Trainee: 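Would you mind keeping the following structure in view while I ask a few things?
Note that the structure is a prediction, hence the values are computed from the model and not measured.
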Amino acid sequence: MADTNPIIFRTYQTYGGYYVYDRHTNSVITLKPDEFQELQAVEKGEMSPEQSDVIARYQKEGLFVPNVVQGLIHPQTDILEYRSERRLGQLILQVTQQCNLRCSYCTYSGIYEGNRTHSSNRMNFETAKKAIDFFFDHNIDSAKVPVGFYGGEPLLEFDLIVQCVEYIEEKMEGKDIQFGLTTNGTLLQGERARFLVEHNFDISISLDGSQKEHDACRKFPDGSGSFELVIRHVEEMFERYPKYTKEKVKFFTTVNPYMDLGCVLNYFDSSELIDRSALLYNTMVPVNLKDEASYQESYYLIRNYEYVRMLFALVGKLEETYINRLVASDANQIARLWKAVHSKRFLKPFAFQAGPCMPGILRLFVRYDGGFYPCERVNENLEYYKIGCVEEGFYLDRMKNLLNIGKLTEEECKICWNLRCCVMCSSEIELHGKEQPDKTDKLEVCKNHKKETEFELYQLCVLKEFGYHPKTEVLWI
């Protein structure tokens, strides 16, 4: 399709049908074979849109409307300043950059280009107090006060956490305070565990399955595994605080190249201690790795098997209980896409690329020295991601730049069929040693996102052909 064509769509077919994705309405339409052939001719530039009877006919229904995008701007840009002044969502305090483990796949292990490694840097109470005060002063219009503690291993700074909790509860009395903490579990015992329970913390414990798989990566500096200690502490939690542990404790498993995924799934399926509903799976971050992560062949076989079982469950051929937590996020993505293509939301002259959250608003990550960052996932070493500090407040211009990452490729996005479906955060972009992402690097990510959307649209239509039908109003699919 020529770049100057204001009618932008994408045709594709499955074994069971012919379809077109219409960018203007963000909708999928089922086509007859002759309609499909004609639209393909338009798409290839062999026929102009004005010559197409198919386009003319569907335009009467509001489809295939010329939609020239004048520019890219995130719709939340105009309310960013208000939200930063009065409606901050969550405070995350990096109480330390140190950890008592040296996990092979850790973001701070040294295997990521340009990222920080473990250090003795720690937050003092004066900095923590300033961060809490800032958050309180900019959380005025919110009834909830979610506060998380992050590391490194946050329980290494247990005394500081106690000081912060006591100060928060005193300062924010009357609000719904929600504390959270992510821990490796090795220090979760005795007074520490009791304190977290008494103050109703949501606790996330890192656990990578059986002892063999867990200890393959999650080791102490001397090379010994941490599994036995973590499990002992988990068992103590269930014994001493059974109701609390069942309701407030989750387990994070990081899928990585060093584990046997089959053994991990078998461990959790047979565990009498940990319920499947308490499991959350993450995958090792693939961006900016110094060396490519090489997964075992069995990983792909097992994951594909679980994925296929999930698809069968979605079309009613298996009970939903067969959907493994490993692929639950994929099932959620299918449901979100179905809802999106049935919402009939027209494209506006000024559009935006989805993905970036309001930096610092939903999650204000405060580094040990008081620096502000959009969340705990970005590279703290890059000035590009620093959006303020406890002494100076927010840097609104930087926040707006992060929110509008689509500006890097604005001209390409204006004519891209995938504009409405593309979801991208700047943290996905490989920096290759640069201080901030640029257009060339972003376009590489764009290629992958187009492929992903094509697959997701294809998959959605195949599922529809086999009876997938969530409880939503059906428009054209």
Side-chain angles (χ1 to χ4, degrees), residues 83-84 87-99 106-108 115-116 118-119 121-139 142 144-169 171-172 175-184 196 199-206 248 250 252 254 280 282 285 356-382 385-391 393-395 398-399 402-403 425-427:
R83 290 289 299 270
S84 68
R87 291 199 64 184
L88 296 187
Q90 179 183 13
L91 175 65
I92 304 173
L93 298 176
Q94 184 192 67
V95 292
T96 179
Q97 289 190 338
Q98 188 57 276
C99 188
C106 179
T107 307
Y108 313 119
N115 207 5
R116 75 165 178 85
H118 297 299
S119 77
N121 293 326
R122 57 182 295 274
M123 182 177 283
N124 58 45
F125 181 62
E126 181 182 355
T127 300
K129 184 175 179 294
K130 289 179 180 178
I132 294 165
D133 288 342
F134 180 89
F135 182 74
F136 180 76
D137 291 340
H138 295 76
N139 178 258
S142 298
K144 294 182 179 180
V145 183
V147 180
F149 297 93
Y150 192 80
E153 169 50 48
L155 287 178
L156 288 172
E157 296 295 332
F158 175 66
D159 290 343
L160 175 60
I161 292 174
V162 171
Q163 283 183 286
C164 290
V165 168
E166 291 175 347
Y167 182 70
I168 291 168
E169 289 180 338
K171 186 176 183 67
M172 303 187 185
K175 285 202 172 189
D176 180 11
I177 304 172
Q178 302 168 345
F179 293 117
L181 178 142
T182 299
T183 175
N184 60 35
L196 299 183
H199 294 270
N200 207 34
F201 269 67
D202 289 298
I203 302 174
S204 298
I205 301 174
S206 298
K248 304 288 285 185
K250 301 294 180 184
F252 276 111
T254 299
L280 296 169
N282 293 320
V285 177
C357 61
M358 298 180 75
I361 308 301
L362 298 182
R363 300 160 73 85
L364 175 58
F365 179 72
V366 183
R367 194 169 66 172
Y368 75 93
D369 59 359
F372 292 169
Y373 294 82
C375 68
E376 69 277 15
R377 297 177 183 178
V378 302
N379 188 338
E380 306 160 39
N381 287 345
L382 297 178
Y385 285 115
K386 187 175 181 180
I387 58 172
C389 64
V390 292
E391 304 293 346
F394 282 123
Y395 306 152
R398 291 189 185 181
M399 295 165 71
L402 287 169
L403 186 61
C425 174
S426 61
S427 63

Trainee: Can you name the side chain to side chain donor-acceptor pair (under 3.5 Å) partners of N124, sequence neighbours left out?
Mentor: T127
Trainee: To check you understand the geometry: which heavy-atom pair defines the closest contact between C357 and L403, and what is its length?
Mentor: O-CD1, 3.5 Å
Trainee: Quick one: does Y368's side chain get under 4.5 Å of V95's, heavy atoms only?
Mentor: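 No, every pair of side-chain atoms sits at 4.5 Å or beyond.
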Trainee: Give every residue pair that meets the salt bridge (charged side-chain N to carboxylate O under 4.0 Å, His left out) criterion with at least one member in residues 145-166, sequence neighbours excluded.
Mentor: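 Counting only pairs at least two positions apart or across chains, the salt bridge (charged side-chain N to carboxylate O under 4.0 Å, His left out) contacts touching residues 145-166 are R122-E157.
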Trainee: Answer with yes or no after comparing the ring centroid distance for F394 and F372 against a 6.0 Å cut-off, counting only values under it.
Mentor: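 Yes, close enough.
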Trainee: Could you grab the distance from atom OG of S142 to atom CG of D176, nearest 0.5 Å is fine?
Mentor: 11.0 Å
Trainee: Mind listing the closest non-hydrogen atom pair of I205 and I203 along with its distance?
Mentor: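 Result for this residue pair: CG1-CG2, 3.9 Å.
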Trainee: Of all the heavy-atom pairs spanning L181 and P154, show the shortest one and how long it is.
Mentor: CG-CG, 3.9 Å
Trainee: Could you tell me which residues satisfy salt bridge (charged side-chain N to carboxylate O under 4.0 Å, His left out) with E380, sequence neighbours excluded, listed by chain and number?
Mentor: R116
Trainee: Which heavy atom of E169 sits nearest a heavy atom of I177, and at what distance?
Mentor: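 The answer is CA-CD1, 3.8 Å.
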Trainee: Measure across L88 and G360 and return the closest heavy-atom pair with its distance rounded to 0.1 Å.
Mentor: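 Heavy-atom minimum between the residues: CD2-O, 3.8 Å.
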Trainee: Mind checking ring-ring contact (aromatic ring centres under 6.0 Å, His included) for H138 and listing every partner two or more places apart, or none if nothing turns up?
Mentor: F134
Trainee: Decide yes or no for C99 and N184: does some side-chain heavy atom of the first lie under 4.5 Å from some side-chain heavy atom of the second?
Mentor: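 They are in side-chain contact.
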Trainee: If you round to the nearest 0.5 Å, how far is CZ of F365 from CD1 of I387?
Mentor: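 Answer rounded to 0.5 Å: 11.0 Å.
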Trainee: Partners of D369 by side chain to side chain contact (heavy atoms under 4.5 Å, CB included), sequence neighbours excluded?
Mentor: R367
Trainee: Any chance you could measure C164, atom SG, to F149, atom CZ, to the nearest 0.5 Å?
Mentor: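 Spacing of SG (C164) from CZ (F149) equals 5.0 Å.
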Trainee: What residues, two or more places apart in sequence or in another chain, satisfy salt bridge (charged side-chain N to carboxylate O under 4.0 Å, His left out) together with K144?
Mentor: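 Once residues adjacent in sequence are excluded, K144 has no partner under the salt bridge (charged side-chain N to carboxylate O under 4.0 Å, His left out) criterion.
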Trainee: Indicate, with yes or no, if the rings of F179 and F201 have centres closer together than 6.0 Å.
Mentor: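 Centroid distance F179-F201: below 6.0 Å, so yes.
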Trainee: For the residue pair Q94 and E376, establish whether any side-chain heavy-atom pair is separated by less than 4.5 Å.
Mentor: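 They are not in side-chain contact.
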Trainee: What residues, two or more places apart in sequence or in another chain, satisfy salt bridge (charged side-chain N to carboxylate O under 4.0 Å, His left out) together with K386?
Mentor: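 With sequence neighbours excluded, K386 shows a salt bridge (charged side-chain N to carboxylate O under 4.0 Å, His left out) to no residue whatsoever.
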Trainee: Report yes if some heavy atom in the side chain of I132 is under 4.5 Å from a heavy atom in the side chain of M172; otherwise report no.
Mentor: yes
Trainee: To the nearest 0.5 Å, what is the distance between OG (S84) and CD1 (I361)?
Mentor: 5.0 Å
Trainee: Among all residues two or more places apart in sequence or in another chain, which pass the side chain to side chain contact (heavy atoms under 4.5 Å, CB included) test with Q98?
Mentor: T96, R102, H118, L156
Trainee: Would you please name every residue forming a side chain to side chain contact (heavy atoms under 4.5 Å, CB included) with D202, sequence neighbours left out?
Mentor: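 By the side chain to side chain contact (heavy atoms under 4.5 Å, CB included) rule, D202 matches K248.
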Trainee: Working note: S426 + L402, criterion side chain to side chain contact (heavy atoms under 4.5 Å, CB included); need CA distance, chi angles, decisive distance, verdict.
Mentor: CA-CA 7 Å; S426 61; L402 287 169; 3.9 Å; yes
Trainee: Return each pair, listed once, that meets salt bridge (charged side-chain N to carboxylate O under 4.0 Å, His left out) where at least one residue sits in residues 123-138; pairs must be two or more places apart or across chains.
Mentor: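 Residue pairs passing salt bridge (charged side-chain N to carboxylate O under 4.0 Å, His left out), neighbours aside: E126-K130, K129-D133, K130-E391, D133-K171.
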Trainee: Using the side chain to side chain contact (heavy atoms under 4.5 Å, CB included) rule, take T254 and F252 through it: C-alpha gap first, then chi angles, then the decisive distance, then the call.
Mentor: CA-CA 6 Å; T254 299; F252 276 111; 5.6 Å; no
Trainee: Run the ring-ring contact (aromatic ring centres under 6.0 Å, His included) test against F136 and tell me which residues pass, sequence neighbours left out.
Mentor: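 So F136 forms no ring-ring contact (aromatic ring centres under 6.0 Å, His included) with any residue.
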Trainee: Using the test side chain to side chain donor-acceptor pair (under 3.5 Å), find all partners of S119 that sit at least two apart in sequence or belong to another chain.
Mentor: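 Residues passing side chain to side chain donor-acceptor pair (under 3.5 Å) with S119: Q97, N121.
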Trainee: Of Q90, R87, K175, which is the lone residue that meets side chain to side chain donor-acceptor pair (under 3.5 Å) with N139?
Mentor: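 Only match with N139 under side chain to side chain donor-acceptor pair (under 3.5 Å): K175.
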Trainee: So, for P359 and P374, which heavy atoms are closest and what is the spacing to 0.1 Å?
Mentor: CB-CB, 3.9 Å
Trainee: Please report the interatomic distance CG(L91) to CD1(I168), rounded to the nearest 0.5 Å.
Mentor: 6.5 Å
